[in-house]
S.K.: 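The structure under discussion is supplied below as structure tokens; questions concerning it will follow.
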Amino acid sequence: MSKPARILTFKCTSCQKPVKVFLQKVSACSHISPYQGICDCGQVMKHATGDKEAVASYLASDSVTWSHHH
């Protein structure tokens with residue numbers, strides 16, 4: 001299995017500028033790879049790949065306190 005990219009780029013949903021999101025704390029868990037970044041306009045951007053339920057949980061959370069549990 002390949003390693004996830006450390007940086008991805010998306011368009012901001014608010015101002016349409018490119019935003020780099022960075023891979024968050026990498027764990028031994030392969031269920032999810034969470035990403036986060038902040039646009040110059042202040043919009044927080046989140047993205048994740050992996051298990052459908054874990055991704056939905058991450059995207060719906062305040063990612064500061066979010067953690068994946070088995």
S.K.: Rounded to the nearest 0.5 Å, what separation is found between the CD atom of Gln36 and the CG atom of Leu8?
M.R.: 13.0 Å
S.K.: Of the non-hydrogen atoms in Pro34 and Ala48, which two are nearest, and what is the gap between them?
M.R.: CA-CB, 4.1 Å
S.K.: Just verifying a value: how many Å separate Lys52 NZ and Ser57 OG, rounded to the nearest 0.5 Å?
M.R.: 14.0 Å
S.K.: From Gln24 CD over to Lys46 NZ, what is the distance, rounded to the nearest 0.5 angstrom?
M.R.: 10.0 Å
S.K.: State, to 0.1 Å, how close Thr9 and Lys20 come at their nearest heavy-atom pair, and which atoms those are.
M.R.: OG1-CG, 3.7 Å
S.K.: Could you walk me through whether Ile32 and Val55 satisfy the side-chain contact (heavy atoms from CB on, under 4.5 Å) test, starting with their C-alpha distance in whole Å, then the side-chain angles of each, then the deciding distance to 0.1 Å, before giving a yes or no?
M.R.: CA-CA 7 Å; Ile32 185 168; Val55 168; 4.2 Å; yes
S.K.: Taking all atoms of both residues into account, what is the closest heavy-atom pair of Gly37 and Val21, and its distance?
M.R.: N-CG1, 3.7 Å
S.K.: Measuring from atom SG of Cys12 to atom CG of Asp40, what distance do you get when rounded to the nearest 0.5 angstrom?
M.R.: 9.0 Å
S.K.: Please report the closest heavy-atom contact between Met45 and Lys11, naming both atoms and the distance.
M.R.: CE-O, 3.5 Å
S.K.: What's the spacing between Tyr58 OH and Thr49 OG1 if we round to 0.5 Å?
M.R.: 11.0 Å
S.K.: Any chance you could measure Phe22, atom CZ, to Ile38, atom CD1, to the nearest 0.5 Å?
M.R.: 10.5 Å
S.K.: Is the number of heavy atoms from other residues, nucleotides or ligands within 6.0 Å of CD (Glu53) greater than 12?
M.R.: no
